[in-house]
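The structure appears below as structure tokens.
In what follows, every chain begins at residue 1, and chains take the letters A, B, ... in the order their sequences are listed.
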Amino acid sequence: MILEKKIENEVVQYLTSLYGGDDWRELIHIQKTRSEFRGDITIVVFPLLKKLKLPPHEAASKIGEYLAGRMEEVRSFNVIKGFLNLEIEPSWWIKYLNRAIRSDFLSDSETVKNVPPVLVEFSSPNTNKPLHLGHIRNNLLGFSISRILEAAGKPVKKVNLVNDRGIHICKTMLAWQKWGNGQTPESAGVKGDHFVGSFYVMFEKALRGEIDNLKEEGFSEEEARKKAPLMEEAYEMLRKWEAGDSGTIELWKTMNEWVYEGFEKTYVALGVDFDKIYYESETYKTGRKVVEEGLERGVLFKKDDGSVWADLQDEGLGEKLLLRPDGTSVYITQDIGTAVIRQEDYNAGRMLYVVGNEQDYHFKVLQVILRKIGYKWADNIKHISYGMVELPEGKMKSREGTVVDADDIIAEMEQTAQKISREHGKLDGVAEQDRQEVVKMIGLGALKYFILKVDPKKNMLFNPDESIDFNGNTGPFIQYTHARVCSLRRKCAGAGIIEKAESPFVNPGGKELDLLKMLYDFPAVLSEAAREYNPALIANYVYELAKEYNQFYQDHPIIRGPDEDVRQFRLLLSVYTGKLIKDSMYLLGADVPERM
RNA sequence: GGUUCCGUAGCUCAGCUGGAUAGAGCAACAGCCUUCUAAGCUGUGGGUCCCAGGUUCGAGUCCUGGCGGAAUCACCA
């Protein structure tokens, strides 16, 4: 049992026996003792005063005396104002360490079998553009949340939904037909997703020209956009595609294959993967069917032009179009279909959608519509909304060419890691292949940590120049600390200090105790991160842990510790810290090297 | 205009369900390697927690109203 819980129980029991009542538990506020005071665990007694009818100091002393006399874990206490600071018996911390060493949070967590899985959707790329920095945040968040939930004992399925159809795809196809000259990624020597993306850009440029011309003839932007010949052609292509026109489908398949090859390379480079990939092209028809059924049952309605709508005015969300007058689907129709199919596939207990906060409205609407149509599981849907990645000059805009490409940034981070590694020269002795592996690990670790340490729901700024830092609050700093522990273990082994299964009882002090207490926090942080779907909590924790370890390392010699017991204790403290660093980084989707 | 989110040091970010004197990193300056990896450690300076009210023993945190920024309110996805 967690110590805080045990203390809480004791206090509740004590106060209930003295004063009666049944609401003591919610009045008890327990927190860590701040480092400037003596003690480990603090009970804030202010909330209790009204019922106890005692001044703060007396109330705190009374509870303190009781706990010190009753619990062997409590060594002593002191009272400052309304704060009761409990000092925990040092041996308790050692016992905790020994218990923790034997367990493994990642593999021990009893995954409840035969329980509906949590579906985590993330990535969700469009097939008309390569992935960019925003997608990286999405992928890292989704992947990390999946690992955190698994570590917290939940069965997880990672799913991707590829938006492989719709007007934007037709634009790229049309552009390739017109200006592609039969080129392929191979013939052009360009990665498939980038190759296809360049045609989307071409299309948008040409369309802009047409719109501008029409505007000079007196049309408004909106009218011009509709009237532009390229746009009409694109819509014609979409109709042909939905009608199953073989030539159109053939082209679509070919170009999508190019894109998927490109995406796959990026996913591999990023180290993310999926249990299942859904394609919009395979789910939108189900969406249409579900909508048509809803129409028949009268929960949806049709307008005079033949378009189908959901009336969400009762929910304050207005009216939402679900099928165009010509019967073609829109974005949300497809999402309705995908949700229904997924529920059939997995009977999920929870469906998480890791999607940017620009789509907050979309997911509110999706959930309401599914509920309206009559799906009870609509309540299980949760949108994990995250903030945008911005650049110093503002939002990324493809038109202005300020988009930070995913492949580019991954490569850049690796190059920087390469350069710094060469400068340090610490890997000079190792085989080139191993060295490259470590360099990759560090570049990726830097990128992943940089992005995941920020609270997901907040917008974040990415400064390409300053962000590529490897000192201070960074991934490499954490990886370095792990490498340090590994190096220490090698040296200990060389010095004849053998790692035992448990630590002897010593009297830890200073940074030893601080570190020990921080190790004790890990399970609470993990469950908090799982409850909040928030990898940043893990990131912040592992950074603090690494910092704490480095301070300990500075203050307390291990190999040349004063006696055998202390050396053993410090070594095991180090080993376990290294393990938690590795585990935490694993939860963030990052690896740690044994030397760097 | 409606709705939602955000506003903490020069910059990037922490700050758990309200708790003790608001913390890190970067940048600046000053120290620490013949000793376990200096991608490290230590120290100095740096704050009207956007503003104004309110709630209470206590507010960066909760409520109301402003100000500033972002997203969204598409027959784009």
Side-chain angles (χ1 to χ4, degrees), chain A residues 29 31 33-34 36-37 42 44 46-47 49-50 56 80-83 85 124 126 128 163 165-169 171 222 226 235 280 305 307 316-318 320-326 328 330-332 334-335 356-362 364-365 385 387-388 390 392 394-395 417 420-421 423-424 426 442 446 450 453-455 457-463 466-467 469-474 476-481 483-492 494-495 497 524-525 528 532 536-537 539-540 543-544 546-547 550-551 553-561 570-571 574 595-596:
Chain A
H29 186 86
Q31 62 189 44
T33 305
R34 295 184 56 139
E36 58 264 40
F37 301 98
T42 293
V44 185
F46 290 111
L49 299 179
K50 250 184 207 160
I80 299 169
K81 293 193 269 182
F83 297 91
N85 301 321
S124 320
N126 292 340
N128 62 332
N163 288 315
R165 63 163 286 279
I167 188 66
H168 58 295
I169 313 300
K171 289 176 180 176
E222 207 175 312
K226 268 193 175 162
Y235 271 112
E280 187 184 333
D305 63 359
S307 55
L317 297 170
K320 184 73 190 173
L321 176 91
L322 300 176
L323 292 175
R324 296 191 186 98
D326 64 3
T328 54
V330 293
Y331 178 52
I332 197 159
Q334 161 282 130
D335 251 343
N357 61 15
E358 58 198 349
Q359 296 198 36
D360 286 355
Y361 174 78
H362 171 79
K364 243 182 237 166
V365 170
S385 168
M388 305 282 95
E390 286 163 2
K395 232 187 126 178
I420 294 175
S421 174
E423 281 166 13
H424 283 94
K426 289 180 188 173
I442 294 170
F450 182 83
K453 75 175 175 182
V454 181
D455 185 340
K457 67 171 190 282
K458 290 190 177 173
N459 286 359
M460 62 174 291
L461 189 111
F462 187 87
N463 185 329
E466 291 173 17
S467 298
D469 198 338
F470 288 65
N471 298 313
N473 188 355
T474 65
F477 167 81
I478 294 158
Q479 292 171 317
Y480 170 79
T481 308
R484 216 176 204 189
V485 170
C486 291
S487 169
L488 177 72
R489 292 176 77 173
R490 291 190 294 267
K491 288 273 164 62
C492 279
I497 304 172
V525 173
E528 172 80 4
E532 303 281 330
L537 298 177
N540 291 329
Y543 168 65
E544 293 294 335
K547 207 165 54 154
N550 281 317
Q551 289 166 8
Y553 181 90
Q554 195 79 13
D555 284 4
H556 301 281
I558 294 137
I559 294 174
R560 287 170 300 105
R570 288 179 183 168
L571 172 60
S574 299
R595 58 184 84 214
M596 66 184 270

Next item on the list: Quote, to the nearest angstrom, the C1' distance that separates B/C57 from B/U12.
Entry: 37 Å

Next item on the list: Classify the nucleic acid contact of A/Phe477 as base, sugar-phosphate or nothing, counting any heavy atom under 4.0 Å across all strands shown.
Entry: sugar-phosphate

Notebook entry, point to check: Looking across every strand, which nucleic acid part, if any, lies under 4.0 Å from A/Thr42 by heavy atom: base, sugar-phosphate, or nothing?
Noted result: base

Item checked: P-based separation of B/G58 from B/G18 [nearest Å] -> 16 Å

Next item on the list: Measure from the side-chain N and O atoms of A/Tyr361 to the backbone N and O of A/Leu317, and report whether any donor-acceptor pair falls under 3.5 Å.
Entry: yes

Next item on the list: Searching all strands shown, indicate the nucleotide that pairs with B/A70 (Watson-Crick or G-U wobble; both distances under 3.5 Å).
Entry: B/U4

Margin query: So, OP1 or OP2 of B/U35: does either fall under 4.0 Å of a side-chain N or O from A/Lys491?
Written below: no

Margin query: Strictly below 4.0 Å, N to O, side chains only: are A/Glu280 and A/Arg165 in salt-bridge contact?
Written below: yes

Checklist line | Proximal nucleotide (of B/C57, B/A20, B/C36) relative to the A/Phe46 side chain | finding: B/C57

Check: Say you pick atom P in B/C50 and the same atom in B/A9; how far apart are they, in whole Å?
Finding: 8 Å

Checklist line | Side chain to side chain, A/Ile332 and A/His362, heavy atoms closer than 4.5 Å | finding: yes

Check: Can you check whether A/Gly356's main-chain N or O pairs, donor with acceptor, with A/Gln359's side chain at less than 3.5 Å?
Finding: no

Item checked: Interatomic distance where CG belongs to A/Asp469 and C1' belongs to B/A24 [whole Å] -> 14 Å

Next item on the list: Name the orientation of the base relative to the sugar in B/C33: syn if the glycosidic angle is within 90° of 0, else anti.
Entry: syn

Margin query: Whether A/Arg560 contacts B/C36 is assessed here as follows: a side-chain N or O lying under 4.0 Å from the phosphate OP1 or OP2. Is that the case?
Written below: no

Next item on the list: Scan A/Ile420 against the nucleic acid and name what it touches under 4.0 Å (heavy atoms): base, sugar-phosphate only, or nothing.
Entry: base

Checklist line | For atom CG of A/Leu571 and atom C1' of B/C36, their distance in whole Å | finding: 11 Å

Next item on the list: Return no unless some side-chain N or O of A/Asn473 is found under 4.0 Å from OP1 or OP2 of B/U12.
Entry: no

Next item on the list: Would you mind classifying the nucleic acid contact of A/Val454 as base, sugar-phosphate or nothing, using non-hydrogen atoms under 4.0 angstrom?
Entry: sugar-phosphate

Notebook entry, point to check: Rounding to a whole Å, what distance do you find between A/Phe450:CZ and B/C11:P?
Noted result: 15 Å

Notebook entry, point to check: What integer number of Å spans the P atoms of B/C63 and B/U4?
Noted result: 12 Å

Check: Which whole-number value in Å describes the distance from A/Phe462 CZ to B/C26 P?
Finding: 18 Å

Checklist line | Watson-Crick or G-U wobble partner of B/G10, both distances under 3.5 Å | finding: B/C26

Next item on the list: Assess the side chains of A/Asn163 and A/Ser124: does a donor N or O sit below 3.5 Å from an acceptor N or O?
Entry: no

Next item on the list: Would you kindly compare A/Glu544 and A/Ala536 by the position of their nearest RNA chain B nucleotide and give the one closer to the 5′ end?
Entry: A/Ala536

Notebook entry, point to check: Roughly how far apart, to the nearest Å, are B/G2 and B/U48 at atom C1'?
Noted result: 33 Å

Item checked: Nucleotide-resolved protein contact map, nucleotides 71-77 of chain B, B/S/- at heavy-atom distance under 4.0 Å -> SSS-BSB

Check: So what does A/Tyr553 touch, heavy atoms closer than 4.0 Å: a base, only the sugar-phosphate, or nothing?
Finding: base

Next item on the list: Establish, with yes or no, whether the OP1 or OP2 oxygen of B/A14 is under 4.0 angstrom from a side-chain nitrogen or oxygen of A/Lys458.
Entry: yes

Next item on the list: Give a yes/no answer on whether the side chain of A/Gln551 brings an N or O atom under 4.0 Å of OP1 or OP2 in B/U42.
Entry: yes

Notebook entry, point to check: What nucleotide among B/A20, B/C36, B/G40 has an atom nearest to a side-chain atom of A/Ser487?
Noted result: B/C36

Next item on the list: Answer yes if the side chains of A/Asp469 and A/Thr474 hold a donor-acceptor pair under 3.5 Å, and no otherwise.
Entry: no

Item checked: Nucleotide B/A24, atom C1' - distance to CZ of A/Arg34 in whole Å -> 14 Å

Notebook entry, point to check: A/Phe37 CZ to B/G19 P: how many Å, rounded?
Noted result: 15 Å

Notebook entry, point to check: Do A/Leu571 and A/Ile497 pass the side chain to side chain contact (heavy atoms under 4.5 Å, CB included) test, and can you show the C-alpha distance, the side-chain angles, and the key distance before you say yes or no?
Noted result: CA-CA 9 Å; A/Leu571 172 60; A/Ile497 304 172; 3.9 Å; yes

Notebook entry, point to check: Can you tell me how far P in B/A59 sits from the matching atom in B/G53, rounded to whole Å?
Noted result: 14 Å

Next item on the list: Please give the nucleotide sitting opposite B/C62 as a Watson-Crick or G-U wobble pair, both distances under 3.5 Å, or none.
Entry: B/G54

Check: Once you round it to whole Å, what is the distance between P of B/U37 and CD1 of A/Ile442?
Finding: 16 Å

Item checked: Polar side-chain contact A/Asn85-B/A20 base: donor and acceptor under 3.5 Å -> yes

Next item on the list: Could you please spell out the steps behind the side chain to side chain contact (heavy atoms under 4.5 Å, CB included) verdict for A/Tyr543 and A/Ile478?
Entry: CA-CA 6 Å; A/Tyr543 168 65; A/Ile478 294 158; 4.3 Å; yes

Item checked: Most 5' of A/Ala417 and A/Lys453 on RNA chain B, judged by nearest nucleotide -> A/Lys453

Notebook entry, point to check: Between atom CG in A/Leu488 and atom C1' in B/G40, what is the gap in whole Å?
Noted result: 14 Å

Note to self: For B/G47, give the paired nucleotide (Watson-Crick: N1-N3 plus N6-O4 or O6-N4; G-U: N1-O2 and O6-N3; both under 3.5 Å), or none.
What the structure shows: none

Next item on the list: Measure from the side-chain heavy atoms of A/Leu537 and tell me the nearest of B/G25, B/G15, B/U37.
Entry: B/G15

Margin query: Between the side chains of A/Asp326 and A/Arg324, is the shortest nitrogen-to-carboxylate-oxygen separation below 4.0 Å, so that they form an ion pair?
Written below: no

Margin query: Using a 3.5 Å distance criterion without hydrogens, assess whether the side chain of A/Asn85 forms a donor-acceptor pair with backbone atoms of A/Thr42.
Written below: no

Checklist line | Span that lies between the C1' atom of B/G46 and that of B/C29, in whole angstrom | finding: 12 Å

Item checked: P-based separation of B/C6 from B/C13 [nearest Å] -> 15 Å

